[in-house]
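Step one of this worksheet: look at the structure below.
Quick note: numbers below take in every heavy atom, side chains included, and nothing from hydrogens, waters or symmetry partners. Chain letters run A, B, ... following the sequence lines, proteins first and then strands; every chain starts at 1.
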Amino acid sequence: MENTTEKEKIRILLESPEGEEILRHTSAHVMAQAVKELFPETRLAIGPTIENGFYYDFDTARPFTPEDLDKITERMQEIVRRAYPVVRTEMSPDEAIVFFEQRHEPYKVELIRDLMEESMVSLYAQGDFVDLCRGPHLPNTSMLKHFKLLNVAGAYWRGDERNPMLQRIYGTSFARKEGLQNHLKMLEEAKKRDHRKLGRELDLFEINETVGGGLILYHPKGAMLRWILEDFEKAEHLKRGYLPVIGPQILKSDVWRISGHYDYYKENMYFTEIEGKEYGIKPMNCPAHMMIFQSKTRSYRDLPLRFFELGTVHRHEKTGVLHGLLRVRGFTQDDAHIFCLPEQLTGEIIGVIDFVRDVMKVFGFEYTLELSTRPEKSIGSDEDWDRATLALTSALEEHRLAYTINEGDGAFYGPKVDVKIKDALGRSWQCATIQCDFTLPERFKLRYAGQDGSEHRPIMLHRVILGSLERFMAVLIEHFAGKFPVWLAPVQAVVINITDKQLSYAAEVKEKFVKAGIRTDLDARNEKMGYKIREAQIQKIPYMIIVGDREMESLKISLRSRDRGDLGTLNIESSIQDILKEIEEKRIPEDTMEIKDQGTKIKKQKIG
RNA sequence: GCCGAUGUAGCUCAAUCGGUAGAGCAACUGAUUUGUAAUCAGUAGGUUGUCGGUUCGAUUCCGGCCAUCGGCUCCA
């Protein structure tokens, strides 16, 4: 028997991040054991831990059903009750191969073949179940308490689509009941905030089967939100010396040959034909910007030149990857290309990072920076790479910005800095990215006249701040759970009359708000006030302006805030001023940051 | 693209064993004139995703396609 202090110690250890990782790993083994007991013909593949959980891949005769998950859960609980000690043994890779061949586990054998240079491999056993595993594990299966199997999915062996598809079961496991409960609550909250659900409920946008997958129809309120973001972006870019440019939707394939897209990106592009000439619908904005740079002789005095475009691009994405506004086939990027002198590069990068900082502050996002360096498959000279990487790092260092390095994760044409923002549920999203590119200036033969009178190649940065407006809107919707700050709310206020008697006064009040520049509706329907308030709350309209006899007689209004409830009877003019101030300051509602969890889901989208 | 699930009214869902579909909300009409999250009554609304097969008869069974959802893969 363990004494209490010993138990206490173990409990504390298990609650640490490392402890929970071990716990989850053992959970995966217990699940595999349960599956083997219930379906002995199943072959084991791999079962690692992931953020907040674990999974195990199985090769099965038939896919698992939700009922199977229930059975597996029951059997897991039984295995926990059986309280098997978890025993580590070691053997040489050769012995291990024989061992797993005897047990008819071909995937394990394949894994061991990659470990042949090791002198020993470790195995963990609990009861009859033995798995190849580096460990460590819990000493006993009875220590598993709070776990739940979540879903089944197909997954390729070793993540390669040429390999057979296995059945993966995802689950989660925690040392404390509250941990599990919180996590499940977070998943539920994420479901409630799902931008696809809120997009319908708030009547922002739709994706229509007849129109096509991955193509967005913005409804008036969604389009309003887009406009607000676009106006904001235009103003911010003008403040920072960007010049507007606009390229066409289709460009002759000649351009795509120059840019390299015709060779490297063709399978993601759509093509059309005009009078026998092939045109490509743009998947990126850069070639048009290159052409505009090229359109006349440029001098070093013109640089830096910052071309900005809210550029709508179309990319062929496989049907299975489409996902609401997050992964679409047509989207608009807040795209810019900065052409500069070598000595301007660091300053320009800092300028973009500052830009990102300012913008993310406005929306209330925390973020982290990641530097991605040269990948194996890449083009350009070592000098170019070194110079560009140095420019990025020195910009980060000079600004004393914390960043992590993704070795070899850069674009094939240059290194990049990605910005990962973190939403109210702790999930991260990639939005902004800054990429150095030597290829395109080369391919388009861009040049400027230097101070020395000779021609030089400018350096170019691609960058987006919000990334794709579609994606950013999705993140905003989920981050705010549809309760947008007033400045972003498509409808900022709604006038609610109590009876028909106040209709004309209500219309007057609405006019005053509208004239002041506040997006205000009038709900003149013959419904009870409570009904209209309920509807406005559900529509997450920031302010409800209530007018009854009392307000009409005193020429006042009663104001109700979506977030703070009844604010009492107020003057029209001072209410307008207060709301305008809130809009001006782009104030963020306090309750946005409700639930935090470690859940991390990274969605990337390429820029051009 | 791959594995699995799903597709019924604008939305959320129901329909026993195969016998041509029903509710709530929304919409519309009428009554009601209301004080901080749902007033009452009535009316209308459907080629059950789509194409084909089996059957006397298909929302139901089978197959193809499309789309969506959960993943995988992909994401210059």
Side-chain angles (χ1 to χ4, degrees), chain A residues 55 57 60 62-66 68 150-170 191 194 196-197 200-201 203 206-214 259-261 263-269 283-284 286 315-324 326-327 372 375 377-379 409-414 416 430 433 435 437 439-440 462 468 496-503 525-539 544-551 558-562 565-569 601-608:
Chain A
Y55 68 78
D57 286 348
T60 57
R62 62 163 180 87
F64 295 114
T65 63
D68 291 337
L150 297 171
N151 48 8
V152 198
Y156 300 109
W157 165 238
R158 301 200 145 179
D160 190 325
E161 60 184 327
R162 289 164 303 189
N163 285 339
M165 184 153 274
L166 308 170
Q167 293 299 313
R168 175 174 297 178
I169 302 178
Y170 283 95
K191 222 182 232 175
D194 191 312
R196 292 165 299 185
K197 182 171 179 281
R200 194 172 41 245
E201 287 171 4
D203 199 14
E206 71 172 287
I207 298 168
N208 186 297
E209 194 179 321
T210 310
V211 172
S259 69
H261 288 83
D263 299 324
Y264 292 96
Y265 206 67
K266 201 179 176 190
E267 58 290 358
N268 287 301
M269 287 178 66
M284 294 184 192
C286 23
R315 295 177 185 174
H316 176 70
E317 301 284 356
K318 290 177 184 173
T319 322
V321 308
L322 300 176
H323 184 97
L326 287 168
R327 192 75 183 266
S372 296
K377 256 181 81 180
S378 57
I379 51 175
D409 211 22
F412 79 93
Y413 52 74
K416 57 176 185 169
Q430 186 189 319
T433 168
Q435 310 184 345
D437 185 349
T439 318
L440 280 186
H462 303 250
S468 121
I496 294 170
N497 57 313
I498 293 176
T499 73
D500 289 351
K501 250 168 64 186
Q502 306 93 29
L503 251 180
R525 290 176 302 172
N526 179 8
E527 292 289 351
K528 288 176 81 168
M529 180 193 63
Y531 178 87
K532 296 189 199 178
I533 288 176
R534 177 182 153 80
E535 198 140 292
Q537 285 289 148
I538 290 169
Q539 286 297 306
M544 284 147 264
I545 300 158
I546 290 146
V547 295
D549 281 339
R550 294 204 296 265
E551 289 79 8
S558 283
L559 200 58
R560 180 191 160 95
S561 151
R562 169 192 67 194
D566 192 354
L567 301 178
T569 305
K601 208 170 199 178
I602 292 166
K603 303 266 173 183
K604 288 192 220 164
Q605 189 129 14
K606 290 167 280 184
I607 62 158

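- Residue contacts for Glu551(A): at a heavy-atom cut-off of 4.0 Å it reaches a base atom on one of the strands shown.
- Between G1(B) and U20(B), the two P atoms lie 38 Å apart (nearest whole Å).
- Of the side-chain N and O atoms in Arg550(A), none sit less than 4.0 angstrom from OP1 or OP2 of G35(B).
- Taking atom NZ of Lys197(A) as the reference point, atom C1' of C11(B) lies 11 Å away to the nearest angstrom.
- Asp194(A) contributes no side-chain N or O that, together with a main-chain N or O of Lys191(A), makes up a donor-acceptor pair within less than 3.5 Å.
- Within the 4.0 angstrom heavy-atom criterion, base atoms lie near Asp500(A).
- Two residues, Ile207(A) and Ser558(A), neighbour RNA chain B, and the one matched to the more 5' nucleotide by heavy-atom proximity is Ser558(A).
- Distance noted for atom P between A58(B) and G4(B): 29 Å (whole Å).
- Residue contacts shown for Asp437(A) are absent, as no nucleic acid heavy atom lies under 4.0 Å away.
- Nucleotide C56(B) has G19(B) as its partner under the Watson-Crick or G-U criteria, with both atom distances under 3.5 Å.
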| request: Between protein and nucleotides 37-45 of chain B, map the contacts as a letter string: B base, S sugar-phosphate only, - none, heavy atoms under 4.0 Å, written 5' to 3'. | output: BBB------

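- For the pair Asn268(A) and Pro283(A), the minimum side-chain heavy-atom distance is 4.5 Å or more.
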Do any N or O atoms of the protein come closer than 3.5 Å to N or O atoms of nucleotides 1-7 of chain B, and which pairs are they?
{"from": "G1(B)", "atom 1": "OP2", "to": "Thr319(A)", "atom 2": "OG1", "distance (Å)": "2.2"}
{"from": "G1(B)", "atom 1": "N2", "to": "Tyr156(A)", "atom 2": "OH", "distance (Å)": "2.5"}
{"from": "C2(B)", "atom 1": "O4'", "to": "Tyr156(A)", "atom 2": "OH", "distance (Å)": "3.3"}
{"from": "C2(B)", "atom 1": "O2", "to": "Tyr156(A)", "atom 2": "OH", "distance (Å)": "3.4"}
{"from": "C3(B)", "atom 1": "O2'", "to": "Gln167(A)", "atom 2": "NE2", "distance (Å)": "3.0"}
{"from": "C3(B)", "atom 1": "O2", "to": "Gly154(A)", "atom 2": "N", "distance (Å)": "3.3"}

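- Rounded to an integer number of Å, the gap from CD of Gln502(A) to P of U36(B) is 14 Å.
- Nucleotide C72(B) is matched to G1(B) when pairs are restricted to Watson-Crick or G-U wobble geometry with both distances under 3.5 angstrom.
- Whole-Å rounding puts the Asp194(A) CG to U12(B) P distance at 12 Å.
- Counting to the nearest Å, the C1' atom of C74(B) and the CG atom of Leu326(A) are 16 Å from each other.
- Across the P atoms, G63(B) and A5(B) are found 11 Å apart, a figure rounded to whole Å.
- Taking atom CD on Glu201(A) and atom P on U12(B), their separation rounds to 9 Å, with Å as the unit.
- Using a 4.0 Å heavy-atom cutoff across all strands shown, Thr65(A) reaches no nucleic acid atom at all.
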| Taking it one step at a time, do Arg562(A) and Gln537(A) satisfy side-chain contact (heavy atoms from CB on, under 4.5 Å)? | CA-CA 6 Å; Arg562(A) 169 192 67 194; Gln537(A) 285 289 148; 4.0 Å; yes

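- Contacts of Gly260(A) with the nucleic acid, taken as non-hydrogen atoms under 4.0 Å apart, include base atoms.
- Minimum heavy-atom separation, Phe64(A) to Val152(A): CB-CG1, 3.9 Å.
- Between the CG atom of Asn208(A) and the P atom of A67(B) there is a distance of 12 Å, given to the nearest Å.
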| request: Please assess Thr569(A) against Arg550(A) for the test side-chain contact (heavy atoms from CB on, under 4.5 Å), listing each intermediate value before the final yes or no. | output: CA-CA 9 Å; Thr569(A) 305; Arg550(A) 294 204 296 265; 5.6 Å; no

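- Counting atom types as modelled, Arg315(A) pairs no side-chain N or O with a base atom of C74(B) as donor and acceptor under 3.5 Å.
- Looking at the side chain of Tyr170(A), the nearest of the listed nucleotides G71(B), G35(B), U68(B) is G71(B).
- Gly212(A) and Ile207(A) make their closest contact through O-CG2, 4.0 Å (heavy atoms, listed as atom of the first residue, atom of the second, distance).
- Nearest heavy atoms, Glu317(A) versus Arg327(A): OE1-NH2, 2.8 Å.
- One C1' atom belongs to U60(B), the other to U48(B), and the distance between them is 10 Å to the nearest Å.
- Applying the 4.0 Å criterion to OP1 and OP2 of G70(B), one finds that His323(A) has a side-chain N or O inside that range.
- The existence of a salt bridge linking Arg162(A) and Asp160(A) is confirmed by a sub-4.0 Å separation between a basic side-chain nitrogen and an acidic carboxylate oxygen.
- Spacing between A21(B) and A14(B) at atom C1', rounded to whole Å, works out to 10 Å.
- Every residue meeting the ring pair (Phe, Tyr, Trp, His ring centres under 6.0 Å) condition with Tyr264(A), not counting sequence neighbours, appears here in chain and number order: Phe412(A).
- Between Ile545(A) and Ile496(A) there is no side-chain heavy-atom pair separated by less than 4.5 Å.
- Note on Arg200(A): every side-chain N or O is 4.0 Å or more away from OP1 and OP2 of G10(B).
- Nucleotides U54(B) and C13(B) place their C1' atoms 30 Å apart, quoted to the nearest Å.
- Nucleotides G35(B) and A67(B) have their C1' atoms positioned 47 Å apart, rounded to a whole Å.
- Arg525(A) comes within contact range of the sugar-phosphate backbone alone, with a heavy-atom separation under 4.0 Å but no base atom that close.
- When both pairing distances are held under 3.5 Å, U29(B) makes a Watson-Crick or G-U pair with A41(B).
- Among the protein residues, Gly548(A) comes within range of the nucleic acid bases, having at least one heavy atom under 4.0 Å from a base atom.
- Of the candidates Lys532(A), Gln502(A), Arg560(A), Arg560(A) is the only one forming a side-chain contact (heavy atoms from CB on, under 4.5 Å) with Ile546(A).
- Residues Gln167(A) and Arg62(A) form no side-chain contact, since every pair of their non-hydrogen atoms from C-beta on lies 4.5 Å or further apart.
- When each of Arg158(A) and Gly565(A) is assigned the nucleotide of RNA chain B with its nearest heavy atom, Gly565(A) is the one assigned upstream, toward the 5' end.
- Summarising the base pairing, C65(B) is matched to G49(B) through a Watson-Crick or G-U wobble pair whose two defining distances lie under 3.5 Å.
- Rounded to an integer number of Å, the gap from Leu322(A) CG to C66(B) P is 13 Å.
- Remark: the separation of the P atoms in U16(B) and G10(B) is 22 Å, to the nearest Å.
- As a whole-Å value, the separation of Asn268(A) CG from C74(B) C1' is 9 Å.
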